[in-house]
Visitor: 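Got a structure for you, written out below as structure tokens; questions coming shortly.
Note that these values count all heavy atoms, side chains included, but never hydrogens, waters or copies made by symmetry. Below, read A as the first sequence line, B as the second, and so on, with proteins coming before strands; counting in each chain starts at 1.
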Number of protein chains: 2
Amino acid sequence: MSPNEGRPPTQAERSRSRREQILDAAFHTFTRRGYRDTVMDEIAAAADTSKGGVYFHFPTKEAIFRELVRTTANRLAAKVEQAVAEHTDPIARADAALRTVLATFAGHRTMARLLFVDAMGAGRVFNAETNALHDRFAGMIASYLDEAVSAGAIPPIDTALSGVAWFGALNEVVARWLLVDEAPPLETAYPTLRALLLRSVGVDEARIADDSAGSVP
Amino acid sequence: MSPNEGRPPTQAERSRSRREQILDAAFHTFTRRGYRDTVMDEIAAAADTSKGGVYFHFPTKEAIFRELVRTTANRLAAKVEQAVAEHTDPIARADAALRTVLATFAGHRTMARLLFVDAMGAGRVFNAETNALHDRFAGMIASYLDEAVSAGAIPPIDTALSGVAWFGALNEVVARWLLVDEAPPLETAYPTLRALLLRSVGVDEARIADDSAGSVP
DNA sequence: ATGCACATACCGACTGCTCGGTCGGTATCG
DNA sequence: CGATACCGACCGAGCAGTCGGTATGTGCAT
């Protein structure tokens, strides 16, 4: 563990933990109320501090939101890349990516909400951000598809557009799941979505039926 | 034409045209600035009237927006249904729907923006609205897919989820096109997207290659 | 240890501004 | 003379961000 155990925490430590606390509170508030409808006093209250306290650690509301989106996206991307790295077969890799995203979102509704609902609802200022975010994930998918193409697993296609379409399909399924009240578990959509997407890029029917899926933690 | 030509317009006529004028102005302002960033004074100015004038014809900002979304969605749905009605073959019908949406959006960037970008950015209040809108179009797609299934043109699949996925893919492609500055014409995406989507629901490769597409006005 | 000087962390009343909506008034039409 | 259409100054609520203040460390000299 850390080198010092039952010791009064230093100022820097307390400061960092306070920061995290505020970030956490902001995350929850943003995901519940959306960016624009979240009031700084609410974040402060949820973080058991005051508005002044929040503004001591962060310069603006926007900065908090940006940091949250960035780190959340990073976390997800890391998870996906890790899952993908466990496979070498290109189709299995694409498949792993899909499965990981779905599983992650299924486990953390709020995470998905922040990335895909609020990021849109945050207003035009964030369009560049959102755009980059979507590009990033669509690009990830496209690169896996590229691998699959050059490995001869699927016929040559417009992988960029396919990446966008895959992402869009995924996004919509997740978004629908987020917005509907009595939502059936997201994982139930996986087999169908998997088949749909793999078919769309011309994967063999035989390969699609072969469900050699590993489990996701 | 209308029964009376070079005659001073009646009060009711002027009122209606003023209403349209305001609706038009609101449409353009909403699509340029987004719902939240649009100010009533801006709408009034764009409509060559005053805030009071706007509020004479509409009770709230929200009412204007709702009406715009509703009528815009109706117009699009009508176009699609009309295009679909010209075909009997289920695949051709689904195809026509896709083509129409793409062509319509290509011709009216702003229309797409209102329906799919602003409707999300309008805040949580409109979630129900947006949800219903997405459901409506996903449902339309699903019903065409259902036809295709019962006609034996494609294997039995989860058409509801496929509709959602199709719509999501379409939506994302359009959204990307809307947000990128140097956008290549949207129609260039059509052949690829068509192939992608049709393949995803198991249409024969032969049928996909057969591009018996009619033209869209 | 004790006192002191300074920094860090935090507080909450207040400010300044934005913006949806109102209201008393005016003009034009029928 | 209504009624309908329109005007724009004004109201008031909401809210991001500020600022003067307090309290709690932290380093250092005595």
Side-chain angles (χ1 to χ4, degrees), chain A residues 4 6-27 29-30 32-69 118 121-126, chain B residues 4 6-27 29-30 32-69 118 121-126:
Chain A
N4 26 30
R7 184 183 40 83
T10 154
Q11 209 170 20
E13 281 171 348
R14 262 180 297 122
S15 182
R16 223 199 346 265
S17 90
R18 194 59 148 179
R19 228 187 103 93
E20 294 300 316
Q21 194 179 355
I22 292 169
L23 241 21
D24 260 30
F27 183 92
T29 314
F30 281 142
R32 276 210 323 277
R33 317 273 282 219
Y35 177 76
R36 315 228 19 177
D37 291 339
T38 290
V39 170
M40 289 308 269
D41 283 310
E42 249 180 315
I43 296 180
D48 271 315
T49 180
S50 68
K51 193 146 78 164
V54 173
Y55 274 98
F56 177 79
H57 290 279
F58 298 92
T60 62
K61 182 184 182 184
E62 196 178 313
I64 300 180
F65 187 75
R66 277 193 212 283
E67 176 154 345
L68 280 177
V69 170
D118 296 310
R124 286 291 157 85
V125 194
F126 296 103
Chain B
N4 26 30
R7 184 185 40 81
T10 149
Q11 210 169 22
E13 282 170 349
R14 263 180 297 120
S15 182
R16 225 200 343 266
S17 90
R18 196 60 152 172
R19 226 187 106 92
E20 294 300 317
Q21 195 180 354
I22 292 169
L23 240 23
D24 259 30
F27 183 93
T29 313
F30 281 142
R32 277 209 324 278
R33 318 271 282 215
Y35 177 77
R36 318 269 307 222
D37 291 339
T38 291
V39 170
M40 290 307 272
D41 283 310
E42 247 180 317
I43 296 179
D48 272 316
T49 180
S50 68
K51 195 148 78 163
V54 173
Y55 274 97
F56 177 78
H57 290 278
F58 298 92
T60 61
K61 181 184 182 184
E62 198 178 311
I64 301 180
F65 186 75
R66 276 192 213 282
E67 175 153 349
L68 281 176
V69 170
D118 295 309
R124 287 291 158 86
V125 194
F126 296 103

Visitor: Is A/Ile43 close to A/Arg33 at the side-chain level, that is, under 4.5 Å between some pair of heavy atoms?
Guide: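 No, too far: nothing below the 4.5 Å cut-off.
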Visitor: What integer distance in Å separates A/Arg36:CZ from D/dG14:P?
Guide: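 Taking CZ of A/Arg36 and P of D/dG14, I get 17 Å after rounding.
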Visitor: Can you measure from NE2 (B/His57) to CD1 (B/Ile22) and round to the nearest 0.5 angstrom?
Guide: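 Nearest 0.5 Å value for the NE2-CD1 distance: 4.5 Å.
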Visitor: Decide yes or no for A/Phe27 and A/Leu23: does some side-chain heavy atom of the first lie under 4.5 Å from some side-chain heavy atom of the second?
Guide: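 A side-chain contact is absent here, since even the closest heavy-atom pair is not under 4.5 Å.
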Visitor: Please tell me if B/Arg18 has a side-chain N or O lying less than 4.0 Å from either OP1 or OP2 of D/dC6.
Guide: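 Affirmative; the distance criterion is met.
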Visitor: Return the angle between end axes of the helix from C/dA1-D/dT30 to C/dG30-D/dC1, with five pairs used per end and rounding to 10°.
Guide: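 The end-segment axes of the helix from C/dA1-D/dT30 to C/dG30-D/dC1 are tilted 10° relative to each other.
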Visitor: Can you see which heavy atom on A/Asp37 is nearest to which on B/Arg36, and at what distance?
Guide: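 Between these two residues, the closest heavy atoms are OD1-NH2, 2.9 Å.
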Visitor: Provide, to the nearest angstrom, the distance between the CD1 atom belonging to A/Ile43 and the C1' atom belonging to C/dC10.
Guide: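 From A/Ile43 CD1 to C/dC10 C1': 17 Å.
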Visitor: If I take atom CG in residue A/Asp41 and atom P in nucleotide C/dA13, what distance separates them, rounded to the nearest angstrom?
Guide: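 Rounding to the nearest Å, CG of A/Asp41 and P of C/dA13 are 10 Å apart.
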Visitor: Taking CZ from B/Arg19 and P from D/dC6, how many angstroms apart are they, rounded to a whole number?
Guide: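 For the pair B/Arg19 CZ and D/dC6 P, the rounded distance is 12 Å.
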Visitor: Would you mind reading off the distance between B/Met40 atom CE and D/dG8 atom C1', rounded to a whole angstrom?
Guide: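 Rounded to the whole Å, the gap is 14 Å.
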Visitor: Within 45° of the ring axis of B/Tyr35 and under 6.0 Å from its six-membered ring centre, is that where the NZ or CZ of B/Lys61 lies?
Guide: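 Relative to the ring axis of B/Tyr35, which defines the angle, B/Lys61 lies inside both limits.
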Visitor: Quick one: is D/dC6 close enough that its OP1 or OP2 comes under 4.0 Å of any side-chain N or O from B/His57?
Guide: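 For B/His57, the contact criterion (side-chain N or O under 4.0 Å from OP1 or OP2 of D/dC6) is met.
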Visitor: Hey, does A/Thr49 have a side-chain heavy atom less than 4.5 Å from the side chain of A/Phe56?
Guide: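 Not touching, per the 4.5 Å side-chain cut-off.
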Visitor: Rounded off to whole Å, could you give me the CD1-to-C1' distance for the B/Ile22 and D/dA5 pair?
Guide: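 Rounded to the whole Å, the gap is 10 Å.
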Visitor: Measure from NZ on A/Lys61 to C1' on D/dT18 and round the result to the nearest Å.
Guide: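 Those two atoms, NZ and C1', are 17 Å apart.
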Visitor: Which atom names give the shortest non-hydrogen contact between A/Asp48 and A/Gln21, and what distance separates them?
Guide: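 Result for this residue pair: CB-NE2, 4.1 Å.
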Visitor: Report the C-alpha distance between B/Met40 and B/Ile64 in whole Å, list the side-chain angles of each, state the deciding distance to 0.1 Å, and finish with yes or no for side chain to side chain contact (heavy atoms under 4.5 Å, CB included).
Guide: CA-CA 10 Å; B/Met40 290 307 272; B/Ile64 301 180; 4.0 Å; yes
Visitor: For DNA chain D, determine which residues of residues 45-55 of chain A have any heavy atom closer than 4.0 angstrom to one of its atoms, and list them numerically.
Guide: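 Within residues 45-55 of chain A, the residues near DNA chain D are A/Lys51, A/Tyr55.
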Visitor: To the nearest angstrom, how far is A/Phe56 atom CZ from D/dT22 atom P?
Guide: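 Distance check: A/Phe56 CZ to D/dT22 P gives 18 Å.
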Visitor: Which atom names give the shortest non-hydrogen contact between B/Lys51 and B/Ala44, and what distance separates them?
Guide: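 Closest approach of B/Lys51 to B/Ala44: N-CB, 3.5 Å.
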